[in-house]
Protein chains: 2
Amino acid sequence: MTAAAATTVAFSPVRCDIPASNDGDAVPVVLTRCSRCKLRDLCLPCGLSGRDAERADELVYTRRRVRRGESIYREGDAFVSLFAVWSGVFKTTQLLEDGREQVTGFQMAGEMLGMDGIGPEKHSCSAVALENGEVCVIPYSRLEALGREVHALQQQFHKVMSREIVQEHGVMLLLGTMRAEERLATFLLNLSRRLVARGYSPSEFNLRMTREEIGSYLGLKLETVSRAFSKFQDDGLISVEQKHIRILDIAGLRRRVGQKLEP
Amino acid sequence: MTAAAATTVAFSPVRCDIPASNDGDAVPVVLTRCSRCKLRDLCLPCGLSGRDAERADELVYTRRRVRRGESIYREGDAFVSLFAVWSGVFKTTQLLEDGREQVTGFQMAGEMLGMDGIGPEKHSCSAVALENGEVCVIPYSRLEALGREVHALQQQFHKVMSREIVQEHGVMLLLGTMRAEERLATFLLNLSRRLVARGYSPSEFNLRMTREEIGSYLGLKLETVSRAFSKFQDDGLISVEQKHIRILDIAGLRRRVGQKLEP
DNA sequence: CGCGCTGTTGAAACTTGTCAAAGTTTGTGG
DNA sequence: CCACAAACTTTGACAAGTTTCAACAGCGCG
């Protein structure tokens with residue numbers, strides 16, 4: 001199954017010692033190379049070629065393992081680096097003063113984490129692993145410096161940030177104008193689209209998040225999410241076995257969202 | 001009153017002809033200078049000093065008048081420039097395929113518009129003036145080029161984009177976890193805070209948007225917004241006379257949002 | 001001066017949340 | 001490997017909050 005293929009490591013990390021960088025991180029690390037990474041076309045260096053692609057290798061010196069439930073950074077932490085998901089699925093969550101929490105996003109391979117920290121110089125949300133995974137650490141000072149030299153990298157970075165803004169507009173639309181079932185359908189279609197881009201099946205996947213986390217993201221209670229799943233199943237649009245989802249009628253699912261949402 | 005002061009033009013535009021720029025805009029324009037602008041500490045060049053501030057003058061060659069109801073750009077338009085609000089209030093709106101529309105933000109002096117366009121290379125929302133106003137046109141290619149030379153400008157730009165992301169997370173929190181009254185209270189507090197930063201009264205202002213636009217932004221129907229206004233008035237938190245709002249008890253308003261939201 | 005847009009308010013309908021109970025799966029430790 | 005506890009999911013009944021529909025008032029523009 002394709003799912004297994006993409007989890008396979010198409011990459012051999014090479015141990016080496018890196019001289020102390022000027023941002024205070026001087027431990028022996030795993031050398032990673034963006035130019036050889038299986039995710040290069042999904043990730044920040046997407047579109048870079050030739051010399052530019054090689055220079056992108058200077059971006060990432062460490063890849064960090066994160067175990068299920070562990071966080072990459074927490075709300076309030078000083079901002080130092082961006083992170084690119086290499087494997088696993090993550091969620092970002094934000095707290096309201098009175099303790100209410102919301103999931104503001106789910107991130108999978110190739111997606112960037114931490115851009116919220118640049119402006120305030122500290123993270124405004126927490127990033128938590130939903131399963132064991134790895135993230136590439138991109139020291140922000142390095143990205144800034146390299147961006148000035150490698151024009152295409154700078155552009156790429158701006159595009160990534162911009163797309164983050166666009167995507168959040170989409171979530172605002174979802175939260176502001178859609179009903180429960182429309183929200184869930186949109187969520188499933190979005191997930192499907194992103195999985196396809198990563199070489200997985202568009203119609204069959206395992207959710208890494210709980211009903212509660214989905215609900216939090218969609219502005220719904222977990223019971224409502226559960227009911228919507230059941231409804232879709234009763235209507236023959238999907239089959240649900242706990243976290244295992246099969247999309248049986250993708251067109252029907254799209255019709256549940258007013259009309260269609262992704263082409 | 002402070003409101004009048006900030007509308008006054010503390011700046012004299014100078015007519016001049018600029019040679020054709022390489023992004024196809026060759027009409028006679030108004031020369032503007034960021035380094036002398038009354039908004040420089042609120043806007044993109046915030047924090048630049050000395051030589052850097054002067055170089056920022058190369059960023060903006062035109063300021064564009066936009067009349068109430070007119071749009072700066074529309075969803076789908078090719079992306080060429082960013083815009084900085086110089087005067088007036090704007091809204092950004094996004095459409096859902098079935099015709100539902102949502103207001104995704106309100107922008108006032110010093111705030112940037114158009115960053116959603118960088119990634120997709122076309123605008124993913126429309127920007128419309130709620131009253132007559134002016135925007136500074138920042139050709140994106142120029143910002144990119146100048147950013148490579150003026151380090152601090154580049155950093156500033158990244159911060160602006162990042163803050164946009166953070167702010168949208170805030171809206172997601174609002175839409176995903178708050179009730180009608182909490183949403184409106186948050187909206188009013190946010191407005192008040194931004195007005196203060198611009199030298200206006202924190203407690204008395206005129207809304208430039210209709211109840212429907214507020215509702216759209218907050219994910220509510222206009223009737224619900226109207227009722228929440230009335231409730232706040234009955235409770236002595238604010239006074240409402242059509243669009244004229246006076247905040248009578250800002251602490252009380254904060255208490256309506258679970259606890260507090262802005263310090 | 002009147003028409004249209006905007007805003008307010010009431011009552012009924014609908015959607016989602018809340019509470020509760022029970023079933024299922026997962027993980028842990030003996 | 002089994003037993004048990006904890007976490008997660010499903011479902012029902014009812015409550016609460018918001019929308020919908022409707023009527024009317026006020027303001028502002030032509």
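Numbers restart at 1 for each chain; the letters A, B, ... are given by sequence-line order, proteins then strands.
- Atom C1' of nucleotide dG7(C) and atom CG of Leu207(B) are separated by 12 Å, given to the nearest angstrom.
- Here the two rings, on Tyr217(B) and Phe106(B), have centers that are under 6.0 Å apart.
- For dA7(D), neither phosphate oxygen OP1 nor OP2 lies less than 4.0 angstrom from any side-chain nitrogen or oxygen of Thr210(A).
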Test Gln102(B) against Thr93(B) for side-chain contact (heavy atoms from CB on, under 4.5 Å), laying out the working first. CA-CA 5 Å; Gln102(B) 183 170 34; Thr93(B) 64; over 6 Å; no
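- Rounded to whole Å, atom C1' of dT25(C) lies 16 Å from atom CZ of Arg208(A).
- For the pair Gln233(B) CD and dG7(C) C1', the computed distance is 13 Å after rounding to whole Å.
- For the pair Lys243(A) and dC8(D), the criterion of a side-chain N or O lying under 4.0 Å from OP1 or OP2 is not met.
- One interatomic measurement links the two molecules: CD of Glu181(A) to P of dG17(C), which rounds to 13 Å at whole-angstrom precision.
- The interatomic distance linking Leu222(B) (CG) with dT18(D) (C1') rounds to 13 Å, in whole Å.
- Note on Ser230(B): only backbone sugar-phosphate atoms sit closer than 4.0 angstrom, heavy atoms only; bases stay farther off.
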Can you list the steps and then say if Arg255(A) with Glu182(A) is a salt bridge (Lys or Arg N to Asp or Glu O under 4.0 Å)? CA-CA 9 Å; Arg255(A) 260 177 268 122; Glu182(A) 297 180 298; over 6 Å; no
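- With respect to the salt-bridge test (charged N to carboxylate O, under 4.0 angstrom), the residues Arg208(A) and Glu131(A) qualify.
- Between the C1' atom of dA7(D) and the CZ atom of Arg211(A) lies a distance of 13 Å, rounded to the nearest Å.
- Distance Leu184(B) CG to dG17(D) C1': 16 Å, rounded to the nearest Å.
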Sugar-phosphate means primed atoms, P, OP1 and OP2; the rest is base. With that split, encode nucleotides 19-30 of chain D 5' to 3' as B, S or - using protein heavy atoms under 4.0 Å. BBB---------
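- Screening Arg163(A), Lys91(A), Arg194(A) for a salt bridge (charged side-chain N to carboxylate O under 4.0 Å, His left out) involving Glu111(A) leaves a single residue, Arg194(A).
- Note on the helix from dC1(C)-dG30(D) to dG30(C)-dC1(D): terminal axis deviation equals 50°, with five pairs used at each end and the result rounded to 10°.
- Annotation for Glu212(B): atom CD does not count as buried by contact number, only 12 or fewer foreign heavy atoms lying within 6.0 Å.
- Side chain to side chain, His244(B) and Glu204(B) meet the donor-acceptor criterion of an N or O pair below 3.5 Å.
- The CG atom of Leu218(A) sits 11 Å away from the P atom of dG17(C) (whole-angstrom rounding).
- In this structure, a donor-acceptor pair under 3.5 Å is absent between the side chains of Ser71(A) and Ser126(A).
- The ring pair (Phe, Tyr, Trp, His ring centres under 6.0 Å) pairs that include a residue from residues 62-84 of chain A are Tyr73(A)-Phe83(A), Tyr73(A)-His123(A), Phe79(A)-His123(A), Phe79(A)-Tyr140(A), where partners are two or more places apart or lie in different chains.
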